[in-house]
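Below, chains carry the letters A, B, ... as their sequence lines are ordered, and counting in each starts from 1.
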2 protein chains.
Amino acid sequence: MPLLAEIFRELGYEGTTLSQITERTGIGKGSLYHFFPGGKEEMAAAVLEEVDRWFEDFIYEPLRRDEPAVAIAAMWRGVDDYFRSGGRICLVGAFALDGTRERFSEAINGYFRRWVEALAGALVRGGLKQDAARAEAEAAVLGIQGALVLSRALDDHDVFRRAITGMQTRLKATF
Amino acid sequence: MPLLAEIFRELGYEGTTLSQITERTGIGKGSLYHFFPGGKEEMAAAVLEEVDRWFEDFIYEPLRRDEPAVAIAAMWRGVDDYFRSGGRICLVGAFALDGTRERFSEAINGYFRRWVEALAGALVRGGLKQDAARAEAEAAVLGIQGALVLSRALDDHDVFRRAITGMQTRLKATF
DNA sequence: GATGCATTGTACCGATCAGTACAAAAGACG
DNA sequence: CGTCTTTTGTACTGATCGGTACAATGCATC
């Protein structure tokens, strides 16, 4: 499954072929279609679900549950870790950009909506007004996605790290 | 050419097929390969070049030439216009995310590098220090890309507009 | 060891892929 | 009109696409 995720991340949904999957995972077509009768689409859906679960467990839920300052600090750390300082892209963000979006719109929407809501909730608990919290949360989530695009385009991890720490300190100053 | 750009934007590089192109442009394969002997790759390169030229003419060059405050205001307006408030994605950003990146790395890198440099230059002329100007420029460019991802994922143009105006007022306050 | 189910490799399918060949057509220019 | 180049439609190529069929395995449980 992690291999599968990495393939989709590198090649995109359309760029990922069954032969690439069998080659890089060592799993034959027979097994692949045994576990994923729905084919490529089901595989991608499973990967999306796994990604979602990871963020739910390690980012969103702490944001809802823990002390805002602590959870938000953990979020920045977790994000930098997960995306390897820009060395790894966000599969959900990539899917959101091209024609793949229509196929998985619900999963994509949910991933981002819950992220923004959880972060905004933490900011409200941290003392921000509803509107301001939402705006700051959107800015943070969108900033992470943009940092992935830019750092990858410039092939420079420092861009990602700089952006992350910049947003972190800026956000911390708001509450 | 604008049609071609729109197809690549919607479907991504890998998702765009020759038959889609012939169908949606009404141009047959014969003509297509007559003007682009290099096939799909050459078509995408031509589109990227056209996009680059547009930004060079209407965004980067004004940033280098005009009064900073004026050029930067024009940039935000131009960006909101060009991307139709998030209704249209950035082809270069999308290409930067998946395997297409390796194929066009130079064009992708140049597009973003020159954007950041031109904006940072304007900010320096506006009174910012070199480092601060670069950081702010990166934040703005990356914010635009992220806004495209998020607004598209949530299917909500307001997210894009809110993010753009937020960044605009924030940036204006720095110089 | 026999039975039954889960798993896998392989051969195959029609469709479609990017790309080519080439002759017909359309224009340009005299 | 005649000639020459540019442009276009169409038929075709081999390769690869996602997906299916199915027999051969592995592997429990009795």
Side-chain angles (χ1 to χ4, degrees), chain A residues 1-52 89 91-92 94-108, chain B residues 1-52 89 91-92 94-108:
Chain A
M1 276 293 290
L3 279 173
L4 202 52
E6 216 54 47
I7 297 170
F8 277 117
R9 243 187 284 266
E10 279 180 37
L11 305 172
Y13 181 76
E14 298 291 349
T16 298
T17 66
L18 269 293
S19 44
Q20 278 280 344
I21 297 176
T22 59
E23 188 187 317
R24 292 178 47 170
T25 61
I27 300 170
K29 266 191 184 184
S31 317
L32 239 30
Y33 275 89
H34 176 72
F35 292 110
F36 304 100
K40 196 167 96 163
E41 180 153 357
E42 189 175 342
M43 298 178 207
V47 167
L48 278 180
E49 198 187 319
E50 210 210 32
V51 169
D52 193 278
I89 67 150
L91 189 66
V92 193
F95 277 14
L97 283 184
D98 60 33
T100 314
R101 181 178 68 136
E102 276 111 59
R103 220 185 275 263
F104 303 110
S105 57
E106 208 169 332
I108 294 169
Chain B
M1 276 293 290
L3 279 174
L4 202 51
E6 217 53 46
I7 297 169
F8 278 117
R9 243 187 284 265
E10 279 181 36
L11 307 173
Y13 181 76
E14 298 293 347
T16 298
T17 66
L18 269 294
S19 43
Q20 279 278 346
I21 296 177
T22 59
E23 187 187 318
R24 292 179 47 169
T25 61
I27 299 170
K29 266 191 187 184
S31 318
L32 238 30
Y33 274 90
H34 177 71
F35 292 111
F36 304 100
K40 197 166 94 162
E41 179 154 356
E42 190 175 341
M43 298 178 208
V47 168
L48 277 180
E49 200 187 316
E50 210 209 32
V51 170
D52 193 279
I89 67 150
L91 189 65
V92 194
F95 277 14
L97 283 185
D98 61 31
T100 315
R101 183 179 67 136
E102 276 111 59
R103 222 186 274 264
F104 304 109
S105 57
E106 209 168 332
I108 294 168

Please list every donor-acceptor pair under 3.5 Å in which a side-chain atom of residues 31-39 of chain B meets a protein atom from a residue at least two apart or in another chain.
none

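The CG atom of B:L18 sits 12.5 Å away from the CD atom of B:E23 when rounded to the nearest 0.5 Å.
Between B:Y13 and B:F8, the ring-plane angle classifies as parallel under the 30° and 60° cut-offs.
Shown here for A:Q20 and A:I7, the closest heavy-atom pair between the two residues is O-CD1, 4.3 Å. Here the closest non-hydrogen pair linking A:I21 and A:T25 is O-OG1, 2.6 Å. Contact between B:G12 and B:F95 at its shortest, heavy atoms only, is C-CE1, 4.5 Å. Closest non-hydrogen pair, B:L48 versus B:A107, comes out as CD1-CB, 4.2 Å. A:T22 approaches A:G28 most closely through the heavy-atom pair CG2-C, 4.1 Å. Minimum heavy-atom separation, A:A94 to A:I89: CB-CD1, 3.7 Å.
Taking a heavy-atom distance under 4.0 Å as the criterion, the stretch of DNA chain C touched by chain B extends 5' to 3' from C:dC17 to C:dT20.
For residues 28-41 of chain A, proximity to DNA chain D is found at A:K29, A:Y33, A:G39, A:K40, defined as any non-hydrogen atom under 4.0 angstrom from a strand atom. Near-neighbour residues of DNA chain D inside residues 5-25 of chain A, defined by a heavy atom below 4.0 Å, number-ordered: A:T16, A:T17, A:L18, A:S19.
Salt-bridge check for B:E10 with A:R101: failed, with every basic side-chain N at 4.0 Å or more from each acidic carboxylate O.
Note on residues 40-51 of chain B: pairs passing salt bridge (Lys or Arg N to Asp or Glu O under 4.0 Å), not counting sequence neighbours, are B:E41-B:R103, B:E49-B:R53.
For the pair A:V47 and A:L91, the minimum side-chain heavy-atom distance is below 4.5 Å.
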### Message
Counting Watson-Crick and G-U wobble pairs with both distances under 3.5 Å, what is the dot-bracket string for DNA chain C, 5' to 3', using [ ] for crossing pairs and | for pairs to another strand?
### Response
||||||||||||||||||||||||||||||
